Structure formats: C-alpha cells, structure tokens
Number of protein chains: 2
Amino acid sequence: MKMTGGVEWGLHCCVVLSSATEPVAAAKLAELHDVSATYLAKQLQLLSRAGLVRSAPGQSGGYLLTRPATEITVLDVVEAIDGPQPAFRCTEVRQRGPMAVPPDRCDTPCPIAAVMDTADRAWRESLRAVTIGAIAATVAATTPGELLDRARVWLSA
Amino acid sequence: MKMTGGVEWGLHCCVVLSSATEPVAAAKLAELHDVSATYLAKQLQLLSRAGLVRSAPGQSGGYLLTRPATEITVLDVVEAIDGPQPAFRCTEVRQRGPMAVPPDRCDTPCPIAAVMDTADRAWRESLRAVTIGAIAATVAATTPGELLDRARVWLSA
DNA sequence: TCATTGCGGATAACTTTTGTCCGTGATGAT
DNA sequence: ATCATCACGGACAAAAGTTATCCGCAATGA
Ligand code: FES
Ligand code: FES
C-alpha cells in the first residue's frame, strides 16, 4: 500500500460508473471530477487490467463496471491502483551486522514484521468489508434527488 | 502513514534499547544493524523529540528508553518516525467540476474518505495493541540465550 | 471511410525519501 | 581545565517514486 492520490479518483469513478447504463468515456469522467484527463486515463487502464471495469473502444465507447457494484469492494479498487504490496517492507535488518541472527534461525518471520503484517491485514479487511455499491447507496441517501438526476443527465449528454 | 524504511530501524533500535541499562550511542546501534549511521541518527532524533527515548551527550552518552518497554506501543514508534498523518488524503474532488456538490452540503465527510479513515483507524488500533516489551519478550523466547548474552556483551563493549 | 476512443510506451516535472556533511553545544573522563 | 566523545540541527545532494503529458497504434461503431 503506497496510497497514491489516484486512489481517490478511481474510487469516485467507480461510484459514478455504478449508476451508468451506457459506457462513459475517460475524458468525461475527468471533466466531471476536474482532474487531468491523461493521468486519469492511466488509472482507468489499471482498473481495466484488474478486471474491475470493461472498456469499449470506438465511438460512444468508454468504461463500464464488469460486475454489480455490490460485488466490488473498496479493497479491489485500492489494490488495482496502488498494487497489492503491503505498506511495510521488511528488509531483514536482523540478518545484518555483527550480531546477525543466522539465516537458518530465520525460518520464522521477524516479530516486528509480523506485527506490521497483522496491522496490514486488519487494514485490508476493513476495506474489503465495504463495497462500491454500499458507498453509492450512501451518497444516494444523503444527496437530494434533484442533484443526482442532473448528474445522470450530464453524464449521458 | 507513509511507511518509510526508517520505521524498521527505529523499531529494532527500541527493542535493543529495551534490554540496555547504560546509554547506547547512535553509532553503535547503526553498526549493530549495519545501516547508515548518519541517517539512523536522524530517526533517533525523531524518537527523541517524540519523548520515546532520552539522549545523553558527552562521553559514554547515547540513547535510553524514557519508559518501560511495556509502555511503548509500536504505534508510538511508527507515528514518531512517519508522522501522524493518515495514508489517504482526501482532496475533496467532489467539490470540483461541473457537478460539484455545494460546500454547504459538505458538512459530512465524503463516504469514501470515511471508509478510508475507518480502515486507517483499524490499522493504528492494531499497532497500538502491541508494545515494544511484548516484541522483546518474543525474541527473548525464540532465540537461544547464548546469542542474547553475546549481544549484550557486544553492546557494552 | 473516418472520427472517436482506449492502450501502451516514452518522457519530463515534481515531490518525497534517503543519505551525507559540518558546525555547535553539552558532558564526562583525564 | 582540557579534550575527546557524543547528540543536535540545518543545509545540502542523490535516488526513488509520484504525477502528468504526449504520441503512435489498434479497435470500434457511426
Ligand atoms: S528484520 Fe525486518 S522487521 Fe525485523
Ligand atoms: S472527495 Fe475525497 S474521497 Fe470523496
């Protein structure tokens, strides 16, 4: 987890896409969020490679979710964009220096690395528990219907 | 959380210091772990500013924990070195672009940011649950006493 | 046929991390 | 008192990672 800024964009795009029936072009998503179109395109390509969204080239092409939004977790999106590597990287300092513990005694992971790994798991578990659909439901419940309609119109315009 | 590499160093140093009665010089800690002495010095200064370790200048000076190792959590060390900022930074994209939600409706945080914040809390909670003392106990229980003795001798040499 | 769109690589600007260096001041050993 | 040892802090430089742009290519549907 390196938590790049693109995660916020990707998450918001997925929420938008969850209420779209026709493909939405990357440029449109970029304009909607007022962010760099070329850079957002890259993030969308990552989502595409991860199999979260489906892309359609050609006129009236664009992006669409591959599954129901309730089957896409926040963790899916985060890992698609930031990669699956944990935030903490153990460099095995214990195997270095004059008091290095011999490699044959390093079959078990360093206790410190174990703690960090447990925390990383808790973090991922927390993100896995929430789906894009749940987030979309929250925004639908907390924003006036008029705004939602305007947004839907703007998207297909 | 940006999870810099110095965290691993700082954590290992704290574990070492937990079984030290006399001050240990930064240069000694660096040699022990075979890492850059000048850079490790910087991390130790961060621990010092956070009040986790106490520094003594002059000959036979060095670092010592300010409290019992069982009262220092892993989170304390991580936040001292990496800072307290959460990994995910919400840039409020929802307030930008043609469909921006008006600021007066942004009294509640974006649901996406809320999810990330919950996950960050879970991560920190997990790190807060483990103390340096607990880690030291684990290494003491899993490494042969002879090695531990040699290390203690080397430290005070 | 052709404009539109996504894909991928190359590239550059920018920021953060990582690491070094040196002068200063404090402390204890001699 | 003197001196070597050590922490401190700032300035600085190298390396890595990020954010962002551009271009040629291939695919698609109007
Ligand atoms: S050796 Fe990497 S965390 Fe201990
Ligand atoms: S506006 Fe920042 S996460 Fe939604």
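Being a predicted model, the structure only gives us computed values, none of them experimental. Here is how names work: the chains are called A, B, and so on, in the same order as the sequence lines, proteins then strands, and each is numbered from 1.
The side chain of A:Tyr39 approaches D:dT18 more closely than any other nucleotide in the set D:dA30, C:dT18, D:dT18. Taking only side-chain atoms of A:Pro57, from C-beta outward, the nucleotide of C:dG19, D:dT28, D:dC6 with the closest atom is D:dT28. Listed nucleotides D:dG29, C:dA29, D:dC6 differ in distance to B:Gln59; the shortest reach to its side chain belongs to C:dA29. The side chain of A:Arg89 sits closest to D:dG17 out of C:dC21, D:dG17, C:dG6.
For B:Arg96, the CZ atom is densely surrounded, since the number of other residues' heavy atoms within 6.0 Å is greater than 12. Applying the 6.0 Å contact sphere to CZ of B:Arg128 captures more than 12 heavy atoms from other residues, nucleotides or ligands.
If you check every strand for non-hydrogen atoms under 4.0 Å, B:Ser36 touches sugar and phosphate atoms only. Nucleic acid contact class of A:Ala41 (heavy atoms, under 4.0 Å, all strands): none. Using a 4.0 Å heavy-atom distance criterion, A:Arg49 is classed as a sugar-phosphate-only contact. Contacts of B:Ala27 with the nucleic acid, taken as non-hydrogen atoms under 4.0 Å apart, are absent.
Contact annotation: A:Ser48 side-chain N/O to C:dC7 OP1/OP2 distance is under 4.0 Å. Residue B:Ser60 places none of its side-chain N or O atoms closer than 4.0 Å to OP1 or OP2 of D:dT5. Proximity of A:Ser55 to the phosphate of C:dG6: no side-chain N or O atom is located under 4.0 Å from OP1 or OP2.
Residue-to-nucleotide contacts include no donor-acceptor pair under 3.5 Å from the side chain of A:Lys42 to the base of C:dG6.
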**Message:** Between A:Leu155 and B:Met99, is the side-chain contact (heavy atoms from CB on, under 4.5 Å) condition met? List the steps.
**Reply:** CA-CA 10 Å; A:Leu155 264 188; B:Met99 283 300 125; over 6 Å; no
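Atom-to-atom, CH2 of B:Trp9 to C1' of C:dG19 comes out at 8 Å; the value is rounded to the nearest Å. Rounded to an integer number of Å, the gap from CZ of B:Arg54 to P of D:dC8 is 11 Å. Atom OH in B:Tyr63 sits roughly 13 Å away from atom C1' in C:dA26 (whole-Å rounding). One interatomic measurement links the two molecules: NZ of A:Lys28 to P of C:dG6, which rounds to 12 Å at whole-angstrom precision. Per the geometry, CD belonging to B:Gln43 stands 15 Å off P belonging to D:dA7, to the nearest Å. Atom CD in A:Gln45 sits about 16 Å away from atom P in D:dA26, given to the nearest Å. Rounded to whole Å, the distance from CG on B:Leu46 to P on D:dC8 is 10 Å. Rounded to whole angstrom, the span from the CD atom of B:Gln85 across to the P atom of C:dT16 amounts to 10 Å.
For the pair A:Thr38 and B:Gly58, nearest-nucleotide mapping onto DNA chain D gives the more 5' position to B:Gly58.
Distance check, rounded to the nearest 0.5 Å: OG1 of A:Thr38 to CD of A:Gln43 gives 10.0 Å. Atom CG of B:Asp117 sits about 13.5 Å away from atom CD1 of B:Ile112, to the nearest 0.5 Å.
Tested against A:Arg67 for a side chain to side chain contact (heavy atoms under 4.5 Å, CB included), the candidates A:Val53, A:Ile132, A:Ile72 yield a single pass: A:Ile72.
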